[in-house]
A.B. asks: 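Quick one: the structure is below, questions incoming.
As the structure lists them, so they are numbered: ligands from 1, and atoms in each ligand from 1.
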Amino acid sequence: MTALRPHPAAVLVRSGSLLDAAAGVEAAHDLLLEGGRVAAVGAAGSLDARAAEVAAEVIDAAGLTVSPGLIDIHVHLREPGQTAKETIATGTAAAAAGGFTTVCAMPNTVPVNDTPEWTRWLQAPERGAQVRVLPIAAATVGSMGEELTAYAALKAAGAVAVSDDGKPIGVAGGGDRIMQDALRAAALAGLPVIQHAEDTRLTVGCSMNAGALAFRLGLRGMTVEAESSLVERDINLVRRLRDSEKIDAHLHVAHLSTLQALDAVRAARRDGLHVTCEVMPHHFALNEEAVLGYNTLAKMNPPLRAESDRQAMIEGILDGTVDCLATDHAPHSAHEKEQEFERAPNGITGLETALGLALGILHRKHGMPLARVLALLTSAPARVLSLEGRGTLAAGAYADLVIFDPRCEWTFRAAASRSRSRNTPFDGWPMLGLVKYTLSEGRVVYRQNQSR
Ligand code: DOR
Ligand code: ZN
């Protein structure tokens, strides 16, 4: 794969508290970064002699946590086609500010990324990405649900998964058969199928979670079953492939939001099926009450759910059912969000608030160890998508890292966001854990106070 730019100068990261769940390291360590990779990891002070010869920069990380760079396997970068909302350059700048060094770009761009050519285009240096962009290609041509795309060729071009995010595979169009075909073809190509689990026949005209609150607001609501029934259908297809064709398909459930769907994933795991899932920070930070006042900044799909579902997401994260976190960073322009609730588009930005919410809620409030929270944002997503050399800082891995102060409390200001869009419900929210530096493949791509 091509480097973002020519190799950066060597950097020594000195005396940081290294938290690398994949390598089992949790201690003060120095890191020497050379040629875009981790050249050496050693006890504090042990790399000074070698660094004195090669390192152009020394970052003093004393008192700070050094983690593998965060990995977000679910973002919408809007390029090509909707660059008024976001570009690869602005979206990845927001990623860097949030501590992310790898983002996986969903294919619902204009046009849809359904070819090896677009898949390569997204990764070209001309896009100006600040961090690594790994494309997720469309599962069906045009994401129309009728005809599979060329999975092996897409993988060869750099796609890390297939998905028709926003348009569930096998609801309209070719039905169960196309989803079964997608799972089979993806397994043969060695790719996961990422499913946006929503039975859209049950959600026509719906704009929030179903329940008493939707009734009070006069809005049509999406039921829990619209999500869980599709997760169950997909799991049955994975099981059928295993039992009748001995094919081990990998289903990854995107932005899971309900207890029922989580229970379906739990049961599939007990059955030995390769089913993984992700949960978004907004689904453990907020419940449906955030839409009160017809707040379109809290409108997304899947919608914010009942408090019991929010608690279930936290439970699923704590007990390990949830494989990883992801943001569903979905930028939209202000004028689009400033419409009636039912007309406003779904989605919120998320790259700059994920770490602060995860640390504040999962670590501080629910007592999850820092190393486990970080694993959900680093080694775990790397494992879900089989990303070699990422999610760890072992020698030889990509020099992708985030250096942050885990005790620092700060306030998120949407106006200071690096994203081109500001559609977040977290403006003014307290965050825990301040990103000081982000390095992507050995290059400093974010420094705190650079231009904030
Ligand atoms: O809230 C959402 N926004 N959910 C999706 O599935 C798509 C996304 C978008 O592209 O805006
Ligand atoms: Zn989606």
Side-chain angles (χ1 to χ4, degrees), residues 72-88 91 94 103-113 122 135-140 142-143 145 161-172 192-200 203 206-209 222 226-227 230-231 234 251-258 261 277-283 285-286 288 290-291 295-305 324-337 339 341-351 353-354 419-426:
D72 188 348
I73 65 171
H74 192 144
V75 304
H76 299 274
L77 295 178
R78 308 299 190 210
E79 195 177 353
Q82 295 178 303
T83 52
K85 295 175 194 258
E86 194 77 287
T87 65
I88 291 171
V103 292
C104 300
M106 280 295 178
N108 64 337
T109 45
V110 184
V112 167
N113 171 23
L122 288 165
I136 295 167
T140 65
S143 288
V162 291
S163 179
D164 285 343
D165 186 40
K167 295 188 175 178
I169 308 162
V171 175
V193 175
I194 303 179
Q195 176 73 304
H196 170 118
E198 175 190 353
D199 186 336
T200 46
T203 58
C206 296
S207 55
M208 67 171 290
N209 185 46
M222 303 190 191
E227 176 172 281
L230 204 64
V231 172
D234 290 345
L251 169 72
H252 180 73
V253 182
H255 41 50
L256 186 141
S257 68
T258 62
C277 67
E278 67 196 22
V279 164
M280 285 27 192
H282 46 267
H283 285 130
L286 296 169
E288 60 189 347
V291 310
N295 178 12
T296 61
L297 294 177
K299 181 182 177 187
M300 74 283 291
N301 188 10
L304 297 172
R305 299 287 188 179
C324 67
L325 306 182
T327 68
D328 201 2
H329 178 80
H332 290 292
S333 303
H335 71 271
E336 297 173 292
K337 282 291 195 180
Q339 300 185 76
F341 193 84
E342 289 173 289
R343 291 170 65 106
N346 283 306
I348 64 169
T349 57
L351 286 162
T353 47
S419 169
R420 189 162 275 182
S421 295
R422 302 284 144 91
N423 51 309
T424 166
F426 298 115

A.B. asks: Would you mind listing which atoms of ligand 1 come within a distance below 4.0 Å of any non-hydrogen atom of H332?
C.D. replies: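 In order of numbering, the contacting atoms are 11 (O).
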A.B. asks: Looking at H252 and E278, what are the two nearest heavy atoms and their distance?
C.D. replies: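 Heavy-atom minimum between the residues: NE2-OE1, 2.9 Å.
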A.B. asks: Within the 4.0 Å heavy-atom shell around H196, which atoms of ligand 1 are there?
C.D. replies: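 Atoms satisfying the 4.0 Å criterion: 6 (O).
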A.B. asks: Give a yes or no on whether a salt bridge exists between R343 and E336, defined as a side-chain N under 4.0 angstrom from a carboxylate O.
C.D. replies: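 Here R343 does not pair with E336 in a salt bridge, since their nearest N and O are not under 4.0 Å apart.
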A.B. asks: Mind checking whether N108 contacts ligand 1 via backbone (N, CA, C, O), side chain (CB onward), both or neither, at a 4.0 Å heavy-atom cut-off?
C.D. replies: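 It is the side chain that touches ligand 1; the backbone stays farther off.
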A.B. asks: With heavy atoms of D328 as the reference, note each atom of ligand 1 found under 4.0 Å away.
C.D. replies: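 Contacts of ligand 1 toward D328, numbered from 1: 2 (C), 4 (N).
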A.B. asks: Nearest to atom 4 (N) of ligand 1 by heavy atom, V75, N301, I348: which?
C.D. replies: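 Among V75, N301, I348, the closest heavy atom to atom 4 (N) of ligand 1 belongs to N301.
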A.B. asks: What are the two closest heavy atoms between P425 and L286, and how far apart are they?
C.D. replies: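 Between these two residues, the closest heavy atoms are CG-CD1, 3.8 Å.
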A.B. asks: Run the numbers for me: atoms of ligand 1, each under 4.0 Å from some heavy atom of D165, listed by number.
C.D. replies: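 Within the 4.0 Å cut-off of D165, ligand 1 contributes 6 (O).
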A.B. asks: Could you check whether D72 and T327, counting side-chain N and O atoms only, form a donor-acceptor pair closer than 3.5 Å?
C.D. replies: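 Short answer, yes.
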A.B. asks: Would you mind running through ligand 1 and noting each atom that sits below 4.0 Å from a heavy atom of A330?
C.D. replies: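 Those qualifying, in numeric order: 3 (N), 8 (C), 9 (C), 11 (O).
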A.B. asks: Can you tell which of H76, R78, H329 gets a heavy atom nearest to atom 11 (O) of ligand 1?
C.D. replies: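 The nearest heavy atom belongs to R78.
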A.B. asks: Number the atoms of ligand 1 from 1 as they appear, then name those within less than 4.0 Å of a heavy atom of M300, with their elements.
C.D. replies: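 Counting from 1, the qualifying ligand atoms are 1 (O).
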A.B. asks: Tell me the protein N, O or S atoms under 2.8 Å from the Zn ion (ligand 2), in chain and number order.
C.D. replies: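 Protein N/O/S atoms under 2.8 Å of the Zn ion (ligand 2): D165 OD1, H196 ND1, H255 NE2.
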A.B. asks: At what distance is the nearest protein heavy atom to atom 3 (N) of ligand 1, and which residue and atom is it?
C.D. replies: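 I find the closest protein heavy atom is N346 O, 3.2 Å.
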A.B. asks: Counting C-beta onward and ignoring hydrogens, is there a side-chain heavy-atom pair between H74 and I136 closer than 4.5 Å?
C.D. replies: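 Answer no - side chains too far apart.
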